[in-house]
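So the structure is just underneath, and the comments pick up after that.
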Amino acid sequence: MAVFPYTEKPLGLQANSYPKLNSNLTSNFNCTATENAETSLVLLLMLQARVHVQGHCRTCIRPCSSISISTSPSSQPFSLPIISELIAKQHWSELKTHLKDSNFIAVLHQLFDAGADPVLILRYFSWSQKNFNVTHPLELTCRLLHYLANAKKYSKIRAFLDGFVRNNEKHSNSSIFHMLSMCGNQFCANSVIIDMLVLANVKNMKTRLGFEAFQRAGDYGFKLSVLSCNSLLSALVKENEIGYVEYVYKEMVRRRIEADLFTFSIVINGLCKVGKLNKARDVTNDMKAWGISPNVVTYNTLIDGYCKKGGLGKMHKADAILKEMVANNVRPNEITFNILIDGFCKDENVASAVKVFEEMKQGLKPNVVTYNSLINGLCCNGKLDEACGLWDEMLGLGLKPNIVTYNALINGFCKKKMMKEAKELFDDIMNGGLAPSAITYNTLIDAYCKHGMMEEAYALHNSMLERRVSPNTSTFNCWIACFCRQGNMELARKFLREMEVRGLKADPITYNLLIDALCKEGESRKAERLLNEMFKKGLSPSHVTYNTLMDGYCREGNLKAALNVRLQMEKEGNRANIVTFNVLIKGHCMKGKLKVANELLNEMLEKGLVPNRTTYEIVKEEMMEKGFLPDIEGHLYNISSF
DNA sequence: ATAGGGTTAG
């Protein structure tokens with residue numbers, strides 16, 4: 001083996017062509033097949049200029065894999081076959097010794113040019129990156145990806161991209177796409193690589209980048225797989241980015257990426273979660289048109305959508321879908337029943353929930369979720385005894401309560417001011433091998449605060465910290481609500497600041513509390529500024545927010561401002577609910593505008609809203625006792641039934 | 001790769 005040492009900077013060679021190359025390096029050449037120095041020099045220059053070296057050694061006709069080049073300060077060269085073997089055997093420390101101060105990028109180039117095994121190159125790539133603590137140029141990364149794609153080493157690409165995406169902060173999608181197309185224009189390889197890039201981004205919680213890559217793939221005409229698109233859609237749904245979900249769905253159709261059952265179910269779920277139920281039905285029809293039948297998951301998703309966002313008569317609509325499902329020979333499962341039971345409970349119709357529960361037992365086994373929904377429903381409707389009965393029933397069936405079960409029942413005791421029993425249940429949690437969650441603590445802290453047991457509340461907060469359960473925004477909301485109730489705004493503000501110091505963000509409930517507090521101080525204008533701040537922060541005000549502010553203006557006698565808030569609320573897609581009407585009716589009564597109040601009452605009834613106890617009290621105290629008989633036809637009887 | 005349960009605000 002002959003060595004051809006050159007003095008520094010031969011023939012105008014720039015020593016800093018590579019970042020690690022020092023000017024005082026001596027470049028050594030080693031051509032195992034020939035002793036032709038000229039050949040070696042040409043090869044080196046080509047490599048330095050990043051010209052791809054291919055073919056054979058000029059004089060010996062050996063493949064160039066037998067030629068190795070190093071830029072090393074010592075006279076010791078490296079040999080490609082040896083390196084290959086060391087990489088293959090993963091003898092890293094030996095490899096390190098062998099390479100000494102060689103330019104690892106030059107080695108990489110050589111491995112590529114020598115047509116080495118792609119998996120071997122990948123190994124060296126990863127090792128050198130880690131060992132020298134550097135990031136290889138994007139060009140080499142893309143070259144490697146192409147190399148692997150051509151060898152159909154897809155699982156290797158997947159794993160590689162996973163690591164790449166996790167650590168990549170330098171390269172934008174734009175440069176990755178650009179470099180990838182520069183390195184090779186095999187269309188299929190590029191499509192496969194980009195497809196896996198989308199997936200890798202999604203899996204690493206970089207949904208935004210995944211979406212961006214999806215968009216760019218469209219610009220480049222790369223065809224993505226339905227699997228990656230579904231993962232992207234699923235992540236977008238979880239992050240509540242339904243606008244993007246609709247976009248991706250439409251794009252898939254346009255790009256002729258064939259949507260499957262999963263695609264449709266995910267999109268339907270996304271639409272349901274934000275209450276776009278009609279659109280969800282449209283997608284259900286789309287899928288049927290494509291010859292794909294909704295399955296139990298699709299139907300469950302739709303039923304759940306109606307249960308949670310169906311508005312008036314939602315349980316009837318949910319029931320209609322159940323019938324449609326059965327008519328299409330799709331059998332309801334435990335989850336279907338759980339959804340319905342929870343729906344009836346949340347609709348304050350526990351009786352129907354229990355009926356569905358009994359029906360379910362005919363052919364299916366209720367599980368812990370079933371019991372949790374029912375226990376919670378009963379607790380929220382004051383039926384603590386029945387809830388306890390179900391607790392015993394589930395234990396009898398060998399079903400183990402989980403933390404959700406505990407939380408629901410603890411909440412039930414709290415609502416009945418049975419704090420001793422609530423605490424006993426709390427202390428029992430650990431016996432079952434469970435741990436209290438933030439919700440457990442929040443429930444109890446809130447209840448102690450509400451019942452004026454401040455010492456107990458503080459103690460629980462401390463125990464929460466000791467057990468390393470992080471207080472969340474809800475925890476602080478409980479405290480802020482507590483101090484607002486006590487009129488101690490200074491302390492409320494202190495906790496708000498403390499919350500923000502801990503990096504916890506105010507949520508819509510925090511804002512409602514602050515808006516309510518300002519309104520009670522007669523500062524409704526300032527409260528409205530907080531409402532606008534919510535929009536700026538991307539938080540959506542709920543009915544409660546608008547109703548609270550409306551109530552504030554009504555108390556101040558500013559009906560015009562209150563009505564404006566209603567307009568804004570409806571513009572934002574929130575329909576007036578029962579509380580809205582109660583607030584406005586009462587506001588108008590207080591100002592003696594009984595005729596307008598009566599019109600509002602009629603409007604409310606026309607909209608099918610069911611008057612509640614508060615409505616009744618307003619009508620009785622503010623209208624009837626003042627000699628005004630509301631003109632609400634047959635509804636007066638219903639109102640009087642309270 | 002798609003579906004279900006628990007806390008805080010009017």
Side-chain angles (χ1 to χ4, degrees), chain A residues 199 202-203 225-235 237-238 260-270 272-273 294-305 307-308 333-343 345-346 367-377 379-380 401-412 414-415 437-447 449-450 472-482 484-485 507-517 519 541-552 577-580 582-583 614:
Chain A
L199 199 64
V202 170
K203 285 200 170 143
S225 71
V226 65
L227 193 128
S228 297
C229 294
N230 288 348
S231 300
L232 174 63
L233 282 168
S234 180
V237 168
K238 285 197 184 87
D260 61 12
L261 179 60
F262 291 98
T263 318
F264 290 113
S265 297
I266 297 164
V267 173
I268 289 168
N269 185 30
C272 283
K273 290 280 173 304
N295 68 357
V296 61
V297 178
T298 324
Y299 279 114
N300 286 348
T301 306
L302 271 171
I303 293 172
D304 193 52
C307 283
K308 292 197 168 69
N333 60 14
E334 289 88 345
I335 297 181
T336 321
F337 281 94
N338 290 347
I339 291 167
L340 286 168
I341 288 168
D342 195 62
C345 285
K346 298 273 153 65
N367 57 23
V368 63
V369 179
T370 323
Y371 280 95
N372 289 347
S373 289
L374 262 178
I375 288 173
N376 187 50
C379 284
C380 289
N402 60 18
I403 191 63
V404 180
T405 328
Y406 274 98
N407 289 344
L409 204 54
I410 286 173
N411 189 33
C414 286
K415 283 205 156 52
S437 66
I439 296 180
T440 323
Y441 285 104
N442 296 347
T443 307
L444 278 164
I445 290 172
D446 186 66
C449 283
K450 277 184 176 143
N472 55 24
T473 299
S474 301
T475 318
F476 281 94
N477 286 342
C478 294
W479 287 112
I480 293 167
C482 174
C484 284
R485 272 194 303 269
D507 69 1
I509 295 183
T510 322
Y511 274 96
N512 292 342
L513 291 166
L514 300 173
I515 287 170
D516 191 43
C519 285
S542 66
H543 277 103
V544 185
T545 325
Y546 291 109
N547 292 341
T548 307
L549 185 57
M550 254 178 260
D551 191 43
N577 66 9
I578 182 70
V579 181
T580 319
N582 286 346
V583 166
T614 311

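In the text below, chain A, chain B and the rest are named by the order of the sequence lines, each starting its count at 1.
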May I ask you to say what [X] touches in the nucleic acid, namely base, sugar-phosphate or nothing, with a heavy-atom cut-off under 4.0 Å?
X        : result
A:Thr443 : sugar-phosphate
A:Ser228 : nothing
A:Asn402 : base
A:Val368 : base
A:Thr475 : nothing
A:Asp342 : sugar-phosphate
A:Asn582 : nothing
A:Ile445 : nothing

Could you please name the option among [options] that lies closest to any side-chain atom of [X]?
X        : options              : result
A:Asn411 : B:dA1, B:dT8, B:dA3  : B:dT8
A:Asn547 : B:dT7, B:dG10, B:dA3 : B:dG10
A:Ser474 : B:dT7, B:dG10, B:dA3 : B:dT7
A:Asn512 : B:dT7, B:dG10, B:dA9 : B:dA9
A:Thr440 : B:dA1, B:dA3, B:dG6  : B:dG6
A:Asn407 : B:dA9, B:dG6, B:dT8  : B:dG6
A:Cys380 : B:dA3, B:dT7, B:dG10 : B:dT7
A:Ile439 : B:dA1, B:dA3, B:dG6  : B:dG6
A:Asp516 : B:dG10, B:dG6, B:dA3 : B:dG10
A:Asn300 : B:dA3, B:dT7, B:dA1  : B:dA3

May I have the distance from [X] (atom [atom1]) to [N] (atom [atom2]), rounded to whole angstrom?
X        : N      : atom1 : atom2 : answer
A:Asp260 : B:dT2  : CG    : C1'   : 9 Å
A:Asn472 : B:dG6  : CG    : P     : 16 Å
A:Asn477 : B:dT8  : CG    : P     : 11 Å
A:Trp479 : B:dT8  : CH2   : P     : 15 Å
A:Leu514 : B:dG10 : CG    : P     : 13 Å
A:Phe264 : B:dT2  : CZ    : P     : 17 Å
A:Asn333 : B:dT2  : CG    : C1'   : 13 Å
A:Leu261 : B:dT2  : CG    : P     : 12 Å

Do the side-chain N or O atoms of [X] get closer than 4.0 angstrom to the phosphate oxygens (OP1, OP2) of [N]?
X        : N     : result
A:Asn269 : B:dT2 : no
A:Lys450 : B:dT7 : no
A:Lys415 : B:dT8 : yes

Between [X] and [Y]: side-chain donor-acceptor atoms closer than 3.5 Å:
X        : Y        : result
A:Asn477 : A:Asn442 : no
A:Asp304 : A:Thr301 : no
A:Thr440 : A:Ser437 : yes

Residue list, side chain to side chain contact (heavy atoms under 4.5 Å, CB included) with A:Thr405, at least two apart or on another chain: A:Val368, A:Asn372, A:Ile375, A:Trp391, A:Met394, A:Pro401, A:Asn402
Side-chain-base donor-acceptor pair under 3.5 Å for A:Ser373 and B:dG6: no
A:Ser234 (side chain) donor-acceptor with A:Asn230 (main chain) under 3.5 angstrom: no
Contact check, side chains of A:Tyr546 and A:Pro541, non-hydrogen atoms, under 4.5 Å: yes
Residues that A:Asp551 engages under side-chain hydrogen bond (donor to acceptor under 3.5 Å, both in side chains), provided they are two or more places apart: A:Arg555
